[in-house]
There are 2 protein chains.
Amino acid sequence: MADRDHLWLRLAVDLVILTVRDGQLKLLVIERANDPYQGQLALPGGFLRAGEDLREAAERELLEETGLDGRDLHLEQLATYGAPDRDPRGPVVSVTYLAIAPDLPIPTAGSDASRAWWAPVKEVRHGLAFDHDQIARDAVERARTRLEFTTLATVFCGPTFTVGDLRHVYEVVWDATLDPRNFSRKVAQTPGFVEPTGARRIPPTGRPAALYRRGTAETLHPPILRPSSGTDG
Amino acid sequence: MADRDHLWLRLAVDLVILTVRDGQLKLLVIERANDPYQGQLALPGGFLRAGEDLREAAERELLEETGLDGRDLHLEQLATYGAPDRDPRGPVVSVTYLAIAPDLPIPTAGSDASRAWWAPVKEVRHGLAFDHDQIARDAVERARTRLEFTTLATVFCGPTFTVGDLRHVYEVVWDATLDPRNFSRKVAQTPGFVEPTGARRIPPTGRPAALYRRGTAETLHPPILRPSSGTDG
DNA sequence: ACAAAAGTGTTCAATTTACACCCATGG
DNA sequence: CCATGGGTGTAAATTGAACACTTTTGT
């Protein structure tokens with residue numbers, strides 16, 4: 001326990017930013033501008049600076065890489081990854097955050113990224129730099145669970161949305177199909193999930209749908225469980 | 001993003017070690033031997049060393065402070081705390097782990113602790129050093145949720161236990177009373193939760209109870225929900 | 001016989017699921 | 001009037017909570 005046993009290191013804050021776009025679950029990836037892993041795909045992120053809280057750093061990186069304001073969207077801490085050899089530059093421990101955004105314009109590249117874009121989650125299961133494949137997998141699984149127990153799905157939608165939009169989020173994130181009729185009722189019967197705006201949206205074809213905004217509830221009582229999650233053990 | 005913006009810091013790994021003892025949920029606390037907060041209560045923990053993974057560091061601290069082998073009990077990462085002023089020594093970010101142990105002999109004090117003992121969770125809600133009050137609260141809440149959805153409760157028990165022992169764990173951790181008859185069925189009907197050993201335990205008074213060991217399942221299908229968790233939003 | 005804890009059976013209510021059916025709009 | 005998506009009604013199946021009752025031991 002002498003002072004020389006303490007390892008001094010840098011702390012990376014890395015972001016898994018998810019959205020639903022073109023009917024797919026997508027993930028913000030960057031092409032690394034600098035070594036290590038120059039030219040390879042990676043998650044956006046950067047180092048913690050002096051005087052910063054972890055969440056502050058995550059919000060700063062989010063703004064730098066995407067132009068998004070972290071106060072407007074969902075941002076939650078995921079897990080911390082600290083394998084000794086995870087970064088060839090030396091000891092770097094990564095605290096990861098999950099961010100959820102509605103369908104956005106294609107983000108602008110930041111200073112550490114030569115390019116940044118939305119990549120379908122299914123197509124980036126391998127090939128990310130560092131241990132970012134593992135981080136991305138863990139983040140997607142966390143998002144899937146969050147839809148079951150929290151109102152997170154509304155964050156994928158814009159300020160107003162229909163129940164069909166919300167169902168679409170569930171179907172894309174879970175990669176499952178849901179009964180529109182029963183889903184509609186579950187949403188309506190869960191207090192605080194959505195609030196009617198009074199307005200309606202007229203689709204290209206079909207009956208107009210009521211528009212809602214996010215409710216005040218954070219957790220769902222009762223939860224909306226995945227079709228598979230509960231049958232087999 | 002120049003190199004001078006990177007903050008070099010030390011990483012603490014702090015442990016919330018829970019057990020059920022004397023019919024109470026208890027937490028391992030130490031009395032700090034050194035500054036800062038010398039003489040105050042705190043969670044056991046220490047600094048990450050070179051070449052160590054985070055979990056390795058958690059297991060090492062666990063062994064140093066309690067003599068417990070981390071491979072034998074439940075050890076899971078909780079969250080990471082990084083408020084800039086959380087440690088007066090300078091920039092120290094803390095990765096926290098939740099450990100669950102069966103009822104153990106009183107642990108031995110480690111090098112950084114003048115004393116170590118089990119303290120009832122209800123009595124240490126305030127007064128821990130650093131931000132450890134918050135960490136302990138978050139950890140207990142996590143443990144309560146884990147009992148709902150995972151087989152974690154079996155880890156509070158020894159190698160063999162009765163359904164009554166298991167129910168006792170739920171009742172103490174949740175601070176609730178459960179119907180013994182319905183609980184018994186839920187446990188038996190959840191595949192992989194417990195396995196019969198064939199042996200029985202004769203209580204001081206009453207019918208002998210069948211002894212079980214941990215099953216292979218990690219998650220509970222269906223979950224065993226807290227009495228309060230589902231009524232009001 | 002009695003107390004105490006373990007465990008089973010049964011009933012009623014709440015929830016979930018599946019699907020028939022109606023609504024409202026554009027072409 | 002037809003296609004399309006939005007939404008309600010309803011009956012069967014499943015699950016959950018409450019509790020009467022039986023079992024098995026020590027004293």
Side-chain angles (χ1 to χ4, degrees), chain A residues 23 147-149 157 160-172 174 176-191 193-212 219-233, chain B residues 23 147-149 157 160-172 174 176-191 193-212 219-233:
Chain A
L147 290 201
E148 294 187 292
F149 298 102
C157 303
T160 67
F161 50 87
T162 68
V163 175
D165 294 340
L166 196 60
R167 179 169 48 84
H168 186 234
V169 167
Y170 274 89
E171 294 187 327
V172 167
W174 285 352
T177 58
L178 303 177
D179 187 308
R181 300 157 294 190
N182 291 335
F183 183 84
S184 185
R185 245 177 314 220
K186 283 188 187 180
V187 170
Q189 286 174 5
T190 303
F193 197 1
V194 298
E195 287 176 4
T197 64
R200 308 206 298 166
R201 181 199 291 165
I202 290 148
T205 173
R207 171 176 168 176
L211 280 168
Y212 298 87
T219 55
L220 297 179
H221 299 291
I224 299 179
L225 298 175
R226 283 185 262 189
S228 61
S229 160
T231 327
D232 55 348
Chain B
L147 256 53
E148 294 187 292
F149 297 102
C157 304
T160 67
F161 50 88
T162 68
V163 175
D165 294 339
L166 196 60
R167 180 170 46 83
H168 186 235
V169 167
Y170 274 89
E171 293 187 329
V172 167
W174 285 352
T177 58
L178 303 178
D179 186 307
R181 300 156 294 189
N182 290 336
F183 183 84
S184 184
R185 248 176 314 220
K186 283 189 187 181
V187 170
Q189 286 174 8
T190 303
F193 196 2
V194 298
E195 288 176 3
T197 63
R200 306 205 299 167
R201 180 200 292 166
I202 290 149
T205 172
R207 172 176 167 176
L211 280 168
Y212 297 87
T219 55
L220 296 179
H221 298 291
I224 298 179
L225 297 175
R226 281 184 262 186
S228 62
S229 159
T231 326
D232 55 348

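To find a chain, count down the sequence lines: A is the first, B the second, and so on, and within it residues start at 1.
- Closest contact between the side chain of B:Pro222 and the listed nucleotides C:dA4, D:dG16, C:dT25 involves D:dG16.
- A donor-acceptor pair under 3.5 Å is formed between the side chain of A:Thr197 and the backbone N or O of A:Leu211.
- At least one donor-acceptor pair closer than 3.5 Å links the side chain of A:Thr190 to the backbone N or O of A:Lys186.
- Between the CD atom of B:Glu171 and the P atom of C:dA5 there is a distance of 12 Å, given to the nearest Å.
- In this structure, NE2 of B:His221 is placed 16 Å from C1' of D:dT15, rounded to the nearest angstrom.
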- Summarise how protein sits on nucleotides 6-14 of chain C as a single string, 5' to 3': B when a protein heavy atom is under 4.0 Å from the base, S for sugar-phosphate-only contact, - for no contact. BBBBB----
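- Looking at B:Ile224 and B:Phe149, their side chains never come closer than 4.5 Å, going by heavy atoms from C-beta outward.
- Here the CH2-CD distance, from A:Trp174 to A:Glu148, works out to 5.0 Å after rounding to the nearest 0.5 Å.
- Atom pair A:Leu225:CG and C:dT15:C1' shows a separation of 12 Å (rounding to whole Å applied).
- Between the CZ atom of B:Arg201 and the C1' atom of D:dG26 there is a distance of 16 Å, given to the nearest Å.
- The distance from atom CG of A:Asp179 to atom P of C:dC19 is 9 Å, rounded to the nearest whole Å.
- Look at CZ on A:Phe183: it is 17 Å from P on D:dG5, rounded to the nearest Å.
- At least one side-chain heavy atom of B:Phe183 sits less than 4.5 Å from a side-chain heavy atom of B:Val187.
- Atom-to-atom, CG of A:Leu211 to P of C:dA24 comes out at 17 Å; the value is rounded to the nearest Å.
- Put simply, A:Lys186 has a side-chain N or O that comes within less than 4.0 Å of OP1 or OP2 on C:dT17.
- The closest side-chain heavy-atom distance from A:Phe193 to A:Leu166 is below 4.5 Å.
- Protein atom CZ of A:Arg200 is 8 Å distant from nucleotide atom P of C:dA24, rounded to whole Å.
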